[in-house]
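All values below were derived from every heavy atom in this structure, side-chain atoms included, with hydrogens, water molecules and symmetry-related copies excluded.
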Amino acid sequence: MLSKLSRRRGLQLEALGSVLISTVMLADRFLFTLRDGFVLSAAIVSALFLTAGIRVVKRADEQAQNGDQAPE
């Protein structure tokens, strides 16, 4: 499934993961106290988004590099 995603979509997944964990951590710190289980769940989901995004971007960059190095 990840191989069908574009580089742009990978960057969006990375951004979503970063925003998700940042929002949860800031809300927990400054607005109200969240349950530890919720914060842990948000961290896991965020890590999944970040990992998927990094893999998609890396694969897209490798494909672009291999496409640029095609023999003449």
Cluster link Leu20 to Phe38, ILVMFWY, side chain under 4.5 Å: yes

Nearest 0.5 Å please: distance from the CG atom of Leu48 over to the CG atom of Leu13. 10.5 Å

Run through the side-chain heavy atoms of Ile, Leu, Val, Met, Phe, Trp and Tyr, join any pair under 4.5 Å, and report what else lands in Leu50's cluster. none

Clusters formed by hydrophobic residues whose side-chain heavy atoms approach within less than 4.5 Å: which one holds Val57, and what are its other members? Leu11

Using the salt bridge (charged side-chain N to carboxylate O under 4.0 Å, His left out) criterion, which residues pair with Asp61? Sequence neighbours excluded. Arg7

N/O donor-acceptor pairs under 3.5 Å from side chains in residues 40-47, not counting sequence neighbours:
unit_1: Ser41; atom_1: OG; unit_2: Gly37; atom_2: O; d: 2.9
unit_1: Ser46; atom_1: OG; unit_2: Gly17; atom_2: O; d: 2.5

Clusters formed by hydrophobic residues whose side-chain heavy atoms approach within less than 4.5 Å: which one holds Phe30, and what are its other members? Leu26

Would you list the pairs meeting side chain to side chain donor-acceptor pair (under 3.5 Å) in which at least one residue belongs to residues 10-24, sequence neighbours left out? Arg9-Gln12

Rounded to the nearest 0.5 Å, what separation is found between the CD atom of Gln63 and the CG atom of Asn66? 8.0 Å

